[in-house]
Number of protein chains: 4
Amino acid sequence: MTRRAFLAASALLSAGALLAPMNAQQPPASAGPMDSRLTEDLVAAYRILAQHEVVDGFGHVSVRHDRSPNRFVMSRSLAPESVTAGDLIEIDLDGNAVDARGRALYSERFIHAEIYRARPDVRAVVHAHTSSLIPYGVTGVPLRPVYHMASFIGDGVPVFDIRKAFGMTDMLVSDAVKGRALAQALSARTCVLMRGHGVVVVGPSIPIAVGRSIYLDMNAQIQTQAMTLSGGKVTYLDPEEARKMMDAGENRGYERPWELWIERLRMQIR
Amino acid sequence: MTRRAFLAASALLSAGALLAPMNAQQPPASAGPMDSRLTEDLVAAYRILAQHEVVDGFGHVSVRHDRSPNRFVMSRSLAPESVTAGDLIEIDLDGNAVDARGRALYSERFIHAEIYRARPDVRAVVHAHTSSLIPYGVTGVPLRPVYHMASFIGDGVPVFDIRKAFGMTDMLVSDAVKGRALAQALSARTCVLMRGHGVVVVGPSIPIAVGRSIYLDMNAQIQTQAMTLSGGKVTYLDPEEARKMMDAGENRGYERPWELWIERLRMQIR
Amino acid sequence: MTRRAFLAASALLSAGALLAPMNAQQPPASAGPMDSRLTEDLVAAYRILAQHEVVDGFGHVSVRHDRSPNRFVMSRSLAPESVTAGDLIEIDLDGNAVDARGRALYSERFIHAEIYRARPDVRAVVHAHTSSLIPYGVTGVPLRPVYHMASFIGDGVPVFDIRKAFGMTDMLVSDAVKGRALAQALSARTCVLMRGHGVVVVGPSIPIAVGRSIYLDMNAQIQTQAMTLSGGKVTYLDPEEARKMMDAGENRGYERPWELWIERLRMQIR
Amino acid sequence: MTRRAFLAASALLSAGALLAPMNAQQPPASAGPMDSRLTEDLVAAYRILAQHEVVDGFGHVSVRHDRSPNRFVMSRSLAPESVTAGDLIEIDLDGNAVDARGRALYSERFIHAEIYRARPDVRAVVHAHTSSLIPYGVTGVPLRPVYHMASFIGDGVPVFDIRKAFGMTDMLVSDAVKGRALAQALSARTCVLMRGHGVVVVGPSIPIAVGRSIYLDMNAQIQTQAMTLSGGKVTYLDPEEARKMMDAGENRGYERPWELWIERLRMQIR
């Protein structure tokens, strides 16, 4: 490159950098400030999931924006236990941040974006690598409701194997196409296992998505014990029993434990 | 409905609302204030059971009123870890609160009511979804005493399957008829498993019901390990050994650990 | 009984009560104050064993008195986690307290007494109901050293079944005859399992008996995992490897972890 | 020995003692002060590994000196949870301390020395007795990546059996010859199991070696569950999937959890 060409290129790059906000690459418009209760609940959700070891240094939870069905909010790329309100970022259904201000985004935000697009009923999404659940994604053993607290999986839990549609990958759902395939595997269910990776749990509210994530973990732990104990001869909830439990209010909307979990955060009890 | 009929109905409804306390729907009379030691022990029991993970955000414990065998006391609908003396409510054997003051009751209070009715010797009842116990309710593998601390199950642990008497349900024991069936399954034993749901443990005092709940959990954990290790070839306590242990004072009435558990509450140690 | 006979009997009882200290029932003489370092270590041992869940509300540890081989010291009947120096009681090898001052003794102090009598090399004894160990006492599966930290069981772990010598009992080793039988089962080993009950671990010092108790628990947990994983095909330490490890200083006398455990007590870290 | 010879010998010994620093036994020269960030990270590593129960009272971690590839730094012989900057000692690749000042060294420092010698790419080494890993060293069951967080073992985990090359030993890698054999077994991998002993994990940085140690533990726990659940029929990561995950940045260099672990140390949260 000649010196002249080099300077021209430099100028272009600088201009590009300066003009970026006004470009085609322009970020989406904000839906405005989210309801403050949702913000509080979302921060609490990150911390509650970490305290229950549903997530560890990885994993994330999001909520659909109350002012626009085409926006959702989640943390910048950060360990769940550390998330505060200042870390939350508004994102559109293509995975673009409204105002990232240089903060890194979770590469798997497309899990959330595509589920919000496919499932209008969903208002909260959890993605985790919960250790009790991994075995049910890699063994062909179906995860089933072993007690009434897990009535939300009465219809079964599908397994998404990224290899089937995408061959050899780095296992991550880091673009819209893979997010869409995962959302299809989820279909109308409450959760979907990801082979060799983790789980996605959804719900009509933050407390319900969080409560389901915690009791799904508990159910997996119990089912593993029950199967080991009996050589696999386990009486699960009948799908109709599960349905009746769901109709009766699915663990009362997790209101009782949610209050407890919030209280524990207030007490700084880990 | 004519406008006149509507107004008449409205008046009736209003009057009904206003007169409710003086109605046939009138709450039962109180047996008077409960012994303060029982109140302290009951609040402690909720917290001790939570600290031992015998209960989580769900589950409850009650005590029979010392002034009337037809009254018992338990918390309003609340997570066990959060219960204080102000949350306690006196209830009669039909499940009616003496003075609920708008507070929600546990829907499964009928478990307690019907056991107090059927078992004059019982003074404390615990209901829990303890995870180690669920497998023994859904596999047909009998829970048996693997060590001397569990001598109180020397005569075996029955399993209550709500489906057998009531068909497809929401799994909850939320009325007197179901409570009675559960009490019948319990019979004269110290505890009864509930298929796909949890357990009920009873005792002649709060420390004994709590101690049994904690060591029943421990026994289940150990039995699962022993069965896994040996392919099921386990030497359990002989029923006569269990009886002799019971005659010798059943873990000395759990006095030693009860003191410890109370001390931990005082130290705010979780 | 006539009134006269009653009064005579009362007088006798009173006199007996008053004269008790000067009787044949007179307590044994004290060996004098124990080395203060041993007292500190013994209190620490109770708390360290509780923090590691080797003991719970039950279980005890003792040390042989440094001034007399015929005396040992342990807590009054109390949960291990609560023991302080003021709770320690000097006891002779017949299980009699030097100065109980009305405090209740552990009914199983005969475990300690008879082992100190039979094993002059032993200076500390732990009795516990450690949950990982119970399965190895009730299944016939031998507990063996799965890694170098458990070289002290290279010669195997005997199982004491109280039923074999004593038939149907309350399972407790609560007199000298049963204590002696247990000591015989222990023989020259470092520990002995008790069927349906627990374990006894001994050592030439408090840190070594405590260290062995903690790593015996760890070894059992690991062995159970290894056997489950492999269907029982496990390569254990060769007895000669175990012997060489013992000769090399058996985990350096547990000095490194003992310092850590003491430091944690100081930090009030549980 | 004559009196004269004795005095001569004494003089020699005294002189030898006084002159020791200038002798053939002279300690190696220091590479100078290590980068302060590495010192902070190394102290943090000890504590993070202890908090995750990857190490207990035993185990150690080291870092290669940033000023010389022939020096590394680790703690004096001390429980990991207690290590501070003042406990760190510079050591050469023959296992000699630069300035021990009478402090005891870890007898197994040769593990570290010989790996740093054999593997120029390695900048941090962890040695631990992690309980979940022991079974994979004694059963012949291969440890394999059950989820994407363990892509660093996509090429498998070798097992070093000290008995094969050295016959009956005390199991410890306490000299250079044994260290070299272990380094050979490690070869170009990220970790190596030690039969009946533990594991060594290496990495190009402290956070990566620590992160791998933590997720290797997690992977082993999950794999054991998966194998138990399914009778061994588990779908592992395909080696190519693992490679792609490694190429994509191996858990983003563990930056996200590392920040969290450091934050927890700051909060004094255990």
*Going by distance alone, is a donor N or O of one side chain under 3.5 Å from an acceptor N or O of the other, for B:Ser82 and A:Glu263?*
yes
Select one option (side chain, backbone, both, neither) describing which atoms of [X] are under 4.5 Å from chain A's heavy atoms.
X	result
B:Ser174	neither
B:Ser107	both
B:Leu172	side chain

Tell me, for [X] versus chain B, whether the close heavy atoms (under 4.5 Å) come from the side chain, the backbone, both or neither.
X	result
A:Met227	neither
A:Arg252	side chain
A:Glu241	both
A:Asn251	both

*Only one of B:Arg163, B:His197, B:Met171 passes side-chain contact (heavy atoms from CB on, under 4.5 Å) with A:Leu237; say which it is.*
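Of B:Arg163, B:His197, B:Met171, side-chain contact (heavy atoms from CB on, under 4.5 Å) with A:Leu237 is met by B:Met171 alone.
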Would a 4.5 Å heavy-atom cut-off, applied to side chains only, mark [X] and [Y] as touching?
X	Y	result
B:Met168	A:Arg243	no
A:Glu259	B:Leu78	yes
B:Asp56	A:Met149	no
B:His129	A:Met218	no

*Once you round to the nearest 0.5 Å, how far does CD of A:Glu240 lie from CG of B:Asp170?*
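Separation between the atoms: 11.5 Å.
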*Which heavy atom in A:Gln225 sits nearest to a heavy atom in B:Pro135, and how many Å separate them?*
CB-CG, 3.9 Å
*Looking at A:Leu260 and B:Gly57, what are the two nearest heavy atoms and their distance?*
CD2-CA, 4.0 Å
*Could you tell me which of A:Thr228, A:Leu229, A:Ile214 has the largest number of non-hydrogen atom pairs under 4.5 Å with chain B?*
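Most heavy-atom pairs within the cutoff with chain B belong to A:Leu229.
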